[in-house]
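Scroll down for the structure; my scribbles are underneath it.
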Number of protein chains: 2
Amino acid sequence: MKQRETTIYDIAERLGLAASTISRGLKGHHTVSQQTQRRIIATAEAMGYRSNSIAASLRTNSTQTIGVIVPRLDSYLMSQIIAGMEKVTSEAGYNLLISQSREMAANEARSVQSMLNSRVDALLVSLAEHTDDLAHFEACRAKGVPLVFFDRVPADMDQLCITINNEMAGYQATRHLLDQGARQIMFISGSLRRNVYEQRLAGYKRALTSAKIKFNPEHIIINDLTEEAGIRAARAVVSQHADGVVVTNDICAAACMNEVQRLGRRVPQQVKFTGFNNDIISRQVTPALTTINYPGIEMGEVAARHVLAHLKGNVDISQLENIVIKSSLIIRESSL
Amino acid sequence: MKQRETTIYDIAERLGLAASTISRGLKGHHTVSQQTQRRIIATAEAMGYRSNSIAASLRTNSTQTIGVIVPRLDSYLMSQIIAGMEKVTSEAGYNLLISQSREMAANEARSVQSMLNSRVDALLVSLAEHTDDLAHFEACRAKGVPLVFFDRVPADMDQLCITINNEMAGYQATRHLLDQGARQIMFISGSLRRNVYEQRLAGYKRALTSAKIKFNPEHIIINDLTEEAGIRAARAVVSQHADGVVVTNDICAAACMNEVQRLGRRVPQQVKFTGFNNDIISRQVTPALTTINYPGIEMGEVAARHVLAHLKGNVDISQLENIVIKSSLIIRESSL
DNA sequence: TAAAAAATAACAATCGATTGTTTTTATTTT
DNA sequence: AAAATAAAAACAATCGATTGTTATTTTTTA
């Protein structure tokens, strides 16, 4: 039972003015006298008037809304990124329309469509694991809707991408374990279809090469980086006699490390671990987990700020290719 | 540089039909012949037509959008709840407009206004810590916008609320520690202005009473439940010679428990801990943390399903007062 | 004081889809 | 074949705010 809402026409009628005058009066346009403005605002207030953004959007062709599509919402990193975006956009008067692909390309495509139908002013996207065809983003270009990728970005698309230096982070984590004396270093990662994992692997390989250690494909485990996956991976860590493990996610790393200890290996003495993201869990697990600081909130803020600047016309994101947020290795007991 | 979009008028012109026929044809209305429908759909496809939801919303007075306001987005529990909501609503063709109050009543009020301006079909809210005046929700009632609270709900508002049984959970956690022999049990909690904490405290007190233990106000610590707060609280736990600690959040509990161990107390032998939420961290910390399973995803799903059912007219939420999601104590090593 | 200039406010089209009503066309029935 | 009915499509108003243009006051200037 939606009530009929008060409109500018109602106010106009009450005051014996034209609707256009109400519209201008409400936003302090100089062609409406101060006195009339005060009357309009007072009456609007009294009548419980609330501007209908839908009508305004239709007319102005701008919704003050930004669409966000992430692989999954129930992840600490993603929630940090979104929190950063929300802070920046809400301060600028923009709303956030959010959806999750749940790692499926079909859902992602549906979301893009739906958001374009909702006429979002811009789109911020982190790719689903199973997205390989990027055709569903073509519509953004066609409609002129700014598109920015973050974290999980496409390999070859002429579009602004916000990432950390994943290759470097993978290198640093691996290099650190090598420096600590590890020689049989395993690498546990999410699907290599996604840049974040593929590049971390590249960094891992580079570190091995730099230490003149031959890459062993058996040392690579690809899974979904959940707790359960970490526990499963622990058996391989033990059976492969690994003395170091680079995991591309703290949750999986923590679970794996705990299970490895349960299986009788001592961490860090026998097996050293590094994780990824600097999740809270990395600080509270025993031993504390060496990890890569991933500034999620900042990534969200940067992505949002660039999109807003582009919408204001201050920046042209089509002139930008890549923005790299600074990450860093945080060394804790799990690798010493 | 937004392109001009294809409209039903463009399609109408191309086919020599009326716009109304295009509109009906696109949604398979029976007054448009099968053959014409096929022609319309094919042409729409060819012209890259995308329905403008804004225009439709204006006309139909329904946006297929649900607003969500949470105290903060970067919390694992909240992200689980939102994930549950997103799953249910997206399957029903609804979008989610999300904002965070960052625990401030003013932001919350602003979000309500903004969402009403955006004409959301319904509103799902979890209260900010500092909200005591609920006047900003009055507008929802006035406009007839369905309003459902979850997790952090108002004490006295005639509105549907989705919660767990916080009193019972607080009782169970405390009772369990008592059963394990603890007698000096501290209670670490967020602001008692919010039902979730106030009721857990009530459960704590009831458990003490049931064991004929006098309530000691010095055993209550109120903080913001962060890691840092947990670490700070650890000193009090030690100095008060507590042998049991009920913490209303796993992150704070894990941090506190770790710090208490660092300070030389043995857990669970000397001090037993229980947390809240069944966060991943509760499983990975050492010793594993006894906690209350808080089904966040399910809470989000239930909230969303009820709102959708109400919008469809299948349920009248104004006839419902409270829906309690089942929670349960999960016993792990930290309390044995 | 009349004309020019400036300040206010009204007029009217527009954004794009929806939907009740009417008209036209096609199909049945007698 | 004419009348009655059904099917298909057109017409036109509507949702509520915005904005370019025009009209009316008011103020200033000559």
Side-chain angles (χ1 to χ4, degrees), chain A residues 2-41 43-44 47-65 114 116-121 143-144, chain B residues 2-41 43-44 47-65 93 114 116-119 121 143-144:
Chain A
K2 278 251 192 75
Q3 252 69 72
R4 190 187 165 285
E5 306 257 358
T6 310
T7 71
I8 54 171
Y9 294 96
D10 301 326
I11 302 176
E13 194 177 8
R14 172 87 66 102
L15 291 175
L17 289 171
S20 55
T21 305
I22 309 301
S23 173
R24 292 189 168 106
L26 284 170
K27 41 181 53 70
H29 203 272
H30 71 280
T31 58
V32 177
S33 69
Q34 292 294 317
Q35 196 204 327
T36 309
Q37 282 189 25
R38 276 193 297 275
R39 283 209 306 151
I40 289 173
I41 289 166
T43 312
M47 297 177 76
Y49 171 77
R50 293 271 86 222
S51 163
N52 184 331
S53 322
I54 302 293
S57 292
L58 178 59
R59 178 59 225 249
T60 61
N61 200 29
S62 123
T63 52
Q64 300 287 102
T65 297
S114 160
L116 290 179
N117 287 1
S118 297
R119 298 298 191 267
V120 293
D121 290 341
K143 314 271 180 202
Chain B
K2 277 251 192 75
Q3 251 70 75
R4 190 186 165 287
E5 305 257 359
T6 310
T7 71
I8 54 171
Y9 295 96
D10 301 327
I11 302 176
E13 193 178 9
R14 171 87 65 103
L15 291 175
L17 289 171
S20 55
T21 304
I22 308 302
S23 174
R24 291 190 168 106
L26 284 170
K27 40 180 54 72
H29 203 275
H30 71 280
T31 59
V32 177
S33 69
Q34 291 295 317
Q35 194 204 328
T36 309
Q37 282 188 26
R38 277 193 297 275
R39 283 209 306 152
I40 290 172
I41 289 165
T43 312
M47 296 177 78
Y49 171 76
R50 294 273 85 222
S51 163
N52 185 331
S53 323
I54 301 293
S57 292
L58 178 60
R59 178 60 226 249
T60 61
N61 200 30
S62 121
T63 52
Q64 299 287 104
T65 297
S114 160
L116 290 179
N117 287 0
S118 297
R119 297 300 190 267
D121 290 341
K143 315 269 181 203

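Chain naming here is simple, since letters A, B, ... match the order of the sequence lines and numbering starts at 1 in each.
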Donor-acceptor contacts, no H, no angles, side chain residues 15-24 of chain A, under 3.5 Å, sequence neighbours left out:
none

Assign each of B:Ala56 and A:Ser33 the nucleotide of DNA chain C bearing its closest heavy atom; nearer the 5' end lies the nucleotide of A:Ser33
Which two nucleotides bound the region of DNA chain C that has atoms under 4.0 Å from heavy atoms of chain B, read 5' to 3'? C:dG16 to C:dG20
For B:Ser114, enumerate each residue passing the side chain to side chain donor-acceptor pair (under 3.5 Å) test, keeping only those at least two apart in sequence or located in another chain. A:Asn95
All side chain to side chain donor-acceptor pair (under 3.5 Å) counterparts of B:Arg50, not counting sequence neighbours: A:Gln113, A:Asn117
Which residues satisfy the side-chain contact (heavy atoms from CB on, under 4.5 Å) test with [X], sequence neighbours excluded?
X       : value
B:Ala55 : A:Leu58, B:Asn52
A:Ala44 : A:Ile11, A:Leu26, A:Tyr49
B:Arg59 : none

Which part of the nucleic acid does B:Ser53 contact within heavy-atom distance under 4.0 Å: base, sugar-phosphate only, or nothing? nothing
When we call it a touch if two heavy atoms are under 4.0 Å apart, what does B:Thr31 touch: a base, just sugar-phosphate, or nothing? base
Measure the OG1-CD1 distance between B:Thr60 and A:Ile54 for me, rounded to the nearest 0.5 Å. 9.0 Å
Using modelled atom types only, decide if a donor and an acceptor are shared between the side chain of A:Ser57 and the backbone of A:Ser62 within a distance under 3.5 Å. yes
Look at the side chain of B:Thr6 and the backbone N and O of B:Met47, then say whether any donor-acceptor pair between them is shorter than 3.5 Å. yes
Contact list please: residues 16-30 of chain A against DNA chain D, heavy atoms, distance less than 4.0 Å, in numerical order. A:Ser20, A:Ser23, A:Arg24, A:Lys27
Pairwise 5' ranking along DNA chain D for B:Tyr9 and A:Arg50, keeping only the more 5' one: B:Tyr9
Angle between the two end axes of the helix from C:dT1-D:dA30 to C:dT30-D:dA1, five base pairs per end, rounded to 10 degrees? 50°
Can you give the donor-acceptor pairs under 3.5 Å from side chains of residues 28-41 of chain B to other protein atoms, not counting sequence neighbours?
unit_1	atom_1	unit_2	atom_2	d
B:His29	ND1	B:Thr31	N	3.4
B:His29	ND1	B:Thr31	OG1	2.9
B:Ser33	OG	B:Thr36	N	3.3
B:Ser33	OG	B:Thr36	OG1	2.7
B:Gln37	NE2	B:His29	O	2.9
B:Gln37	NE2	B:Val32	O	3.0

